[in-house]
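Working notes, beginning with the structure itself.
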There are 2 protein chains.
Amino acid sequence: MDFCEEFVKTNESATNLTGVMVSNLTLEDIAEQAGVSRSTVSRVVNDLPNVSEDVRRRVLDVIQQTGYHPNAAARTLASQRSWTLGLVLPQSVFQFFTDPYFPHLTKGIAQACNEHNYTLALYLVSSKEDEKKIFTRVTRKGLLDGVLVQSGHHGDQQIIGHLMDANIPQVVLGRPQHFDNVTFVDVDNVSGAYNAAVHLIRLGYRRIATITGPSLSAVGLDRHAGFTKALSDRGVKLDEALVIEGDFTEAGGYYAMQRLLPTRPEAVFVASDLMAIGAVRAAREAGLSVPNDIALIGFDDVPLAATNDPPLTTIRQPVVQFGIRAVELLMDLIENGIHPPRHVIMDTQLIIRDSCGAIRKDLISG
Amino acid sequence: MDFCEEFVKTNESATNLTGVMVSNLTLEDIAEQAGVSRSTVSRVVNDLPNVSEDVRRRVLDVIQQTGYHPNAAARTLASQRSWTLGLVLPQSVFQFFTDPYFPHLTKGIAQACNEHNYTLALYLVSSKEDEKKIFTRVTRKGLLDGVLVQSGHHGDQQIIGHLMDANIPQVVLGRPQHFDNVTFVDVDNVSGAYNAAVHLIRLGYRRIATITGPSLSAVGLDRHAGFTKALSDRGVKLDEALVIEGDFTEAGGYYAMQRLLPTRPEAVFVASDLMAIGAVRAAREAGLSVPNDIALIGFDDVPLAATNDPPLTTIRQPVVQFGIRAVELLMDLIENGIHPPRHVIMDTQLIIRDSCGAIRKDLISG
DNA sequence: TATGATTGTGGGAGCGCTCTCACAAATTAT
DNA sequence: ATAATTTGTGAGAGCGCTCCCACAATCATA
């Protein structure tokens, strides 16, 4: 019997190569060493009141010496809080994850999570099979306190419904296409695109084209709507031949521009910077100078926009703030439950660089 | 008493708006409904043997109907396995996370995790305060089964030591600078850079410069070493004035190239594609044509390299495979314990495009 | 037919926490 | 002084699983 206990103890506190104790120390072990009860140690660890100063100090000392860390799984099981948030990027954005937008967003989200001591679980859906596995993993209790879901093509928005059914707190990144009874954060794509188009009109362009995002995505639709509205508000004729659907990739922008060039537009509103970079490439290959022969304006303000040749005039999104805001909303949802869904729309900003020809125009008019 | 039980039941199985049952169903609930014991349900859920076919079917039916999911925390606590891996990106790479390399790597890792039913926890260290919080969160028991650590500047490699002390399975991404008793995956940076330099020499260039990575990083050092060795092996003089240290950013490449141009190099080996893109920009601004006036070769083969103007000759890294291999090694470590640390070095591949002038040379010699 | 091995099932003891409650001790109010 | 409150502490009952062991029922073997 004695032997058995001894064995257990040895097993509990093994020593590693560097001589530092590694251990599956428990509250009870700390309690014993500090001469108090498990409950008291728990209070100290969680910084709860009703512990006398000297006891708190004594327990803290033992914790320091032993390098005790509370077990996350046990804590989660007992408190029903995992302090982990999920970030789900659906299949339709998987290929775009290398584009600067998503890494940037992820940075914002990760930063916000760190700040509030949440762990961030990343779910990148790369295939239909992934999706199934991820569905069950995300809705499983005891792992996530809440989920951020990137909105995407309408084909992969089932996850939002699943989470609603499972009653799991969620915040959607970007306006979801088929749900309005869910909290989401979005950037004002309509007004951003509107401002971009107005900027081109103000610069005197009248034959204005657009390379849109996928018509299956809310982002693509919204930016297209803003563009259209600006033209109609300002009495500029919208030629359907000047509207080409792109896919948010560099190559997509390149091919769209190639199709657009025969129509001889004076200016193009491209629904993303990456596509704009491709569009510039196509224009240049066709012997055209940007902005002298054709003006361009992008959307996003990715880091590359500024260093592109020519630097891109674009609509800046507050990407990092966007991520932070989403996390804050989610935490609020987790803490205070489901009040009526909230919709946060963030503003964009027109960044004037060279590709729109504003600088050239200035020189002419000045 | 009866009332109380009734109340508990009601509480357990609330109905949501869509009428679908949401519940904190437990094994016991399923057991009761299927008329078997908790143990049997557990066997069914975990697909263990020793369950008769009809019982298995009956239990499966109940699970299907109720939408039961096992609780992750409880499972983790009881089995001491969380099925979660951590990916730690130290502070020195935080700013690079938007570069295509890390998102690409993350994709590979995420894919591998999905495939093996692991959840991926992402830790992006954005500051010194983050680092502290993340240290404790990563070493905490009951959350992670193992950790992938990106190697970075020698200043932020403490985490590797911490994990070793805590006896947590880890695989380092990239050769760590100060540990060799740890399992890591790396790309053969030395031979990659060597091949790049040899390629330039073969094309007839003799005045060959390099824009290196940070001398604080193993990657920067290794690529520089490979470059140097190639020149010395081939009897090409290495002029120290032709070596400029960069920082892996586009802007860094731009400025490095500006400093390099007065020395009139014929060709430049740039230690990353992003820096190469910046270098092209600087060369062009100085009125030089790439590759006619100056040849360039990059490293990484990010997607942009192919669409750059001119398309970049570069050294391709098997980024996705790299991530997958790292996950596999980590899973092996988790399952089979710490055998002597393994070092996996993956091969690179020379991708010839336009920026090195190979095509021009072909025309001349052909 | 008796014996042993195999298969199927249930009970129980944890895993390491949180959290409510009981209760003693110290404080304040009456 | 006593009663009422506040503060500090510990015991105990879970949280929802896994996993070992006991045991009955079935099968193969002697």
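As the structure is a computational prediction, the values presented were derived from the model and not from experiment. In what follows, every chain begins at residue 1, and chains take the letters A, B, ... in the order their sequences are listed.
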Q: Take E131(A) and K128(A) through the test salt bridge (Lys or Arg N to Asp or Glu O under 4.0 Å) and record every step on the way to the result.
A: CA-CA 5 Å; E131(A) 194 172 68; K128(A) 271 276 164 239; 3.0 Å; yes
Can you tell which of [options] lies closest to the side chain of [X]?
| X | options | answer |
| --- | --- | --- |
| V51(B) | dT9(C), dT9(D), dT18(D) | dT9(C) |
| A78(B) | dG16(C), dT9(D), dT18(D) | dT18(D) |
| N71(A) | dC17(C), dT18(C), dG10(D) | dC17(C) |
| R43(B) | dC17(C), dT9(D), dT9(C) | dT9(C) |

Next on the checklist: With a 4.0 Å cut-off on N to O distance, would you call R325(A) and E328(A) a salt bridge?
Outcome noted: yes
Evaluate the ring planes of F97(A) and F97(B), with Trp represented by its six-membered ring, and classify them as parallel (under 30°), tilted (30 to 60°) or perpendicular (over 60°).
perpendicular
Spacing between [X] atom [atom1] and [N] atom [atom2], to the nearest angstrom:
| X | N | atom1 | atom2 | answer |
| --- | --- | --- | --- | --- |
| K141(A) | dC15(D) | NZ | C1' | 14 Å |
| Y68(A) | dG16(C) | OH | C1' | 7 Å |
| R75(A) | dG16(C) | CZ | C1' | 11 Å |
| E53(B) | dT7(C) | CD | C1' | 13 Å |
| R81(A) | dC19(C) | CZ | C1' | 15 Å |
| E28(B) | dG12(C) | CD | C1' | 11 Å |
| L77(A) | dG14(C) | CG | C1' | 12 Å |
| D29(A) | dG16(C) | CG | P | 9 Å |

Heavy atoms of A121(A) and L144(A) approach each other most closely as CB-CD2, 4.1 Å
Tightest non-hydrogen contact, residues T76(A) and S82(A), listed as OG1-CA, 3.5 Å
If you compare every side-chain N and O of [X] against the phosphate oxygens of [N] (OP1, OP2), does one of them come in below 4.0 Å?
| X | N | result |
| --- | --- | --- |
| S37(A) | dA11(D) | no |
| N46(A) | dT18(C) | yes |
| Q80(A) | dG16(D) | yes |
| T40(B) | dG10(C) | yes |

Categorize N50(A) for me: base, sugar-phosphate, or nothing, with a 4.0 angstrom heavy-atom threshold over every strand shown. base
Of A74(A) and P49(B), the one whose nearest nucleotide on DNA chain C sits closer to the 5' end is P49(B)
Look at atom CZ of R57(B) and say whether more than 12 heavy atoms of other residues, nucleotides or ligands are closer to it than 6.0 Å.
no
The helix from dG4(C)-dC27(D) to dA29(C)-dT2(D): angle between terminal helix axes, five bp per end, to the nearest 10 degrees, reads 40°
Here the gap from H116(A) atom NE2 to Q111(A) atom CD, rounded to the nearest 0.5 Å, amounts to 11.5 Å
Practice prompt. For the pair D47(A) and R56(A), evaluate salt bridge (Lys or Arg N to Asp or Glu O under 4.0 Å) and give the outcome as yes or no after the intermediate values.
Written response: CA-CA 9 Å; D47(A) 213 27; R56(A) 188 182 294 274; 3.5 Å; yes
Judged by nearest nucleotide, the residue sitting upstream toward the 5' end of DNA chain D, S39(A) or L48(B), is S39(A)
dG12(D) base / R38(A) side chain donor-acceptor hit below 3.5 Å: yes
